[in-house]
Amino acid sequence: MRVVMKFGGTSVGDASAIRKAVAFIKESYEKGNEVAVVVSAMTKVTDQIIDAAEKIISGADAQFLETFIDGLRKRHIDTLKEVAPDYVAEVSDHLEVRLMRLKDMLAAVQNLRELTPRSRDYIISIGEKLSAPIVSAALRQIGIPSFQISGCDAGIMTNGVHGNASALPESYPRIAERIGSRLGKEIPVIQGFAGCSKDGSIATLGRSGSDYSGAIIGAGVDADEVIIWTDVDGVMTTDPRLILEARVIDSISFIEMMEMSYFGAKVIHSRALLPAMEKDIPVYVRNTFNPTHPGTLISRKTHADKRIVKAVSLIKNSCLISVTGFATGRPGVAGEIFSALADAGVNVMLISQGSSELNISMIITEEEIGMAETALKKVQESGAIRQYTFSSDVQVVSVVGAGMRGTPGTLARIFKSLGERKINVVMISQGSEVNVSFVVNGNDGIKAVRALHEEFQLDKEE
Ligand code: ADP
Ligand code: ASP
Ligand code: MG
């Protein structure tokens with residue numbers, strides 16, 4: 001069997017986690033499986049690199065960069081010494097080259113006070129360049145032949161949208177040739193999160209993009225399964241950090257899971273499942289720290305349980321844009337608005353339009369407010385719209401379940417339970433047959449998630 005195992009940040013976050021990870025890989029390899037491994041950066045490393053770049057651009061002192069690189073070096077070398085004592089000299093050299101590249105790039109940012117999307121991608125992809133050699137050495141330390149390789153060299157070719165790139169189909173034959181052909185003999189440890197773009201630069205796949213890398217590699221090598229190893233027992237009925245009663249879902253369809261992750265379930269990257277779905281490869285989500293738990297199976301099958309609603313998710317930092325006063329007699333105003341936002345790189349998560357075309361409401365993330373404002377100002381200046389407003393203190397709650405399809409009364413149940421708790425709904429959008437999303441004010445988000453978790457008894461076993 002061909003298996004792709006992806007290990008997230010906490011699953012490679014220290015020596016003890018890496019020892020667990022390599023033990024699972026070894027077990028699978030010794031059963032005769034052909035295994036490919038994809039890794040994230042060690043926990044928090046990507047966040048730290050992003051923070052450092054931001055501090056540097058806004059004028060950190062000269063010592064800051066030295067101290068930052070020293071800290072990264074110490075953490076990685078200390079871990080390497082523990083998990084692969086026989087390979088310290090060889091791997092430290094590799095790590096040093098990468099740390100020096102990172103330092104040079106950050107020094108250039110400091111001098112130029114400029115961080116382009118392309119250089120930012122180069123910088124933030126270094127975390128995986130530091131973790132992969134350590135995991136690969138840890139495998140060699142326990143007698144398993146292994147090599148480490150970048151996503152780019154492994155064959156991932158992207159559309160070059162820096163910061164949020166998507167894989168192109170031409171990646172698959174390249175991955176089959178570069179990775180597939182070597183499976184069984186050695187275990188590749190592939191740096192997650194990034195691939196190439198046509199101009200040869202590195203493009204990252206969006207935050208949490210290593211999940212996506214795992215599925216792209218899975219599709220490229222025609223894997224029989226992809227396992228996402230993380231720090232929770234599986235996909236849960238809601239974010240366990242929000243509600244203690246959240247429960248693990250045994251199985252869920254690709255479509256339901258994609259809706260969940262698009263609307264805030266951070267356990268998996270929102271585009272990660274597309275390559276697996278296209279090739280019908282089952283994806284398991286499992287806990288590195290509780291390996292006896294079977295985890296969640298994500299597959300094509302929809303109605304694995306009889307629940308109407310399977311999960312509720314929440315996006316906190318959202319902004320409601322309301323556009324009014326469309327120019328009369330000017331067709332295509334909605335098109336102008338969405339094109340302007342798309343050109344500015346703004347992702348519109350939800351849309352609701354008044355039937356008279358006199359008003360459109362949209363939801364975006366708070367980080368994109370600045371870009372959206374610039375884009376809408378241009379549309380206003382062109383005379384297409386009169387007014388727009390931004391309300392940033394809103395949250396998006398999303399209800400997911402294939403059982404909602406053709407079950408009358410589900411919407412009534414949702415809104416009745418919100419009404420009973422005096423939660424005011426600002427906007428509603430039924431994205432698909434398996435998803436209903438709505439917008440509430442600031443602090444009502446968690447209250448709404450809790451209400452629906454209770455209403456549909458998601459804390460109870462079937
Ligand atoms: P990794 O580093 O392994 O990729 P992430 O932190 O990206 O891990 O994703 C796992 C985390 O996602 C969990 O620790 C959990 O807090 C969070 N999470 C949010 N929503 C859900 C959900 N519906 N089910 C499971 N975990 C969720
Ligand atoms: N290290 C990257 C991030 O933190 C990718 C990942 O972990 O999946 O976003
Ligand atoms: Mg993740």
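Everything quoted here is computed from the prediction, not taken from an experiment. Order of listing sets the numbers, starting from 1, for every ligand and every atom in it. The first residue of the sequence shown is numbered 1, and numbering continues consecutively from there.
The closest heavy-atom contact to atom 19 (C) of ligand 1, among the options Thr46, Asp239, Ile228, Val232, comes from Asp239. Compare Gln191, His269, Arg207, Lys6 by their heavy atoms: the one nearest to atom 4 (O) of ligand 2 is in Arg207.
The Pro240 neighbourhood of ligand 1 comprises atoms 21 (C), 26 (N), 27 (C), with distances under 4.0 Å to a heavy atom of that residue. Within ligand 1, counting atoms from 1 as listed, the ones closer than 4.0 Å to a heavy atom of Val235 are 24 (N). Near Lys266, meaning under 4.0 Å from any of its heavy atoms, are these atoms of ligand 1: 7 (O), 9 (O), 12 (O), 19 (C), 20 (N). Atoms of ligand 2 lying under 4.0 Å from any heavy atom of Ser40, numbered from 1 in the order shown and given with element: 6 (C), 7 (O), 8 (O). Atoms of ligand 1 lying under 4.0 Å from any heavy atom of Ala265, numbered from 1 in the order shown and given with element: 20 (N), 23 (N). Close approach of ligand 1 to Thr238 is summarised as follows: ligand atoms under 4.0 Å from at least one heavy atom of the residue are 22 (C), 23 (N). Residue-ligand proximity, Met260 to ligand 1, at heavy-atom distances under 4.0 Å covers atoms 23 (N). Close contacts between ligand 2 and Thr46 involve ligand atoms 1 (N), 2 (C), 3 (C), 4 (O) [criterion: under 4.0 Å to a heavy atom].
Using a cut-off of 4.0 Å between Lys/Arg side-chain N and Asp/Glu carboxylate O, Glu34 and Arg182 are scored as not salt-bridged. No salt bridge links Arg450 with Glu245; every basic N to acidic carboxylate O contact stays at or beyond 4.0 Å. Comment: Asp121 does not engage Arg118 in a salt bridge, judged by the lack of any side-chain N to carboxylate O separation of less than 4.0 angstrom. Salt-bridge check for Glu96 with Arg73: passed, with a basic side-chain N closer than 4.0 Å to an acidic carboxylate O. Ion pairing between Asp280 and Arg300 holds under the 4.0 Å rule for side-chain N and carboxylate O. The pair Asp93-Arg98 does not meet the salt-bridge criterion, since no charged nitrogen lies less than 4.0 angstrom from a carboxylate oxygen. Under the 4.0 Å criterion applied to side-chain N and carboxylate O atoms, Arg271 and Asp211 are not assigned as salt-bridge partners.
Proximity of atom 7 (O) of ligand 1 to the protein is indicated by at least one non-hydrogen atom lying closer than 4.0 angstrom.
Nearest protein neighbour of atom 11 (C) of ligand 1, counting heavy atoms only, is Asp231 OD1, 3.9 Å. The protein heavy atom nearest to atom 1 (P) of ligand 1 is Thr230 OG1, 3.6 Å. If you check which protein heavy atom lies closest to atom 2 (O) of ligand 1, you get Gly9 N, 3.0 Å. Looking from atom 4 (O) of ligand 1 to the surrounding protein, the closest heavy atom is Lys6 NZ, 3.2 Å. Atom 6 (C) of ligand 2 has Ser210 OG, 3.3 Å as its closest protein atom, hydrogens excluded (heavy atom only). The protein heavy atom nearest to atom 26 (N) of ligand 1 is Val267 CB, 3.4 Å.
Checking each of Ile217, Thr204, Leu205 against Tyr212 for a side chain to side chain contact (heavy atoms under 4.5 Å, CB included) leaves exactly one that passes, namely Leu205.
Below 3.5 Å of separation, one finds an N or O of Met236 facing an N or O of ligand 1. Taking only nitrogen or oxygen atoms, main chain and side chain alike, Arg241 reaches within less than 3.5 Å of ligand 1. Ligand 1 has no nitrogen or oxygen under 3.5 angstrom from a nitrogen or oxygen of Ser11. Checked by distance only, ligand 2 and Asp211 stay at 3.5 Å or farther apart across all their nitrogen or oxygen atoms.
Contact between Gly9 and ligand 2 is absent, with no heavy atom of the residue lying under 4.0 Å from the ligand. Remark: distances from the non-hydrogen atoms of His269 to ligand 1 are all 4.0 Å or more. By the 4.0 Å heavy-atom criterion, Gly209 is counted among the residues contacting ligand 2. Remark: distances from the non-hydrogen atoms of Ala246 to ligand 1 are all 4.0 Å or more.
Below 30°, between 30° and 60°, or above 60°: for Phe7 and Phe24 the angle between ring planes is below 30°, a parallel geometry.
Geometrically, Arg140 engages Tyr87 in a cation-pi contact, judged by NZ or CZ lying under 6.0 Å from the ring centre and within 45° of the ring axis. Because its NZ or CZ atom is both nearer than 6.0 Å to the ring centre of Tyr172 and within 45° of the ring axis, Lys279 counts as a cation-pi partner of that residue.
Ser253 and Glu256 share a donor-acceptor pair across their side chains, judged by distance under 3.5 Å alone. A donor-acceptor contact closer than 3.5 angstrom is absent between the side chains of Ser210 and Ser213.
Proximity of the aromatic rings of Phe438 and Phe415 is defined here by a centroid distance below 6.0 angstrom, and this criterion is met.
Every residue was checked against the disulfide (SG to SG under 2.5 Å) condition with Cys319, not counting sequence neighbours, and none meets it.
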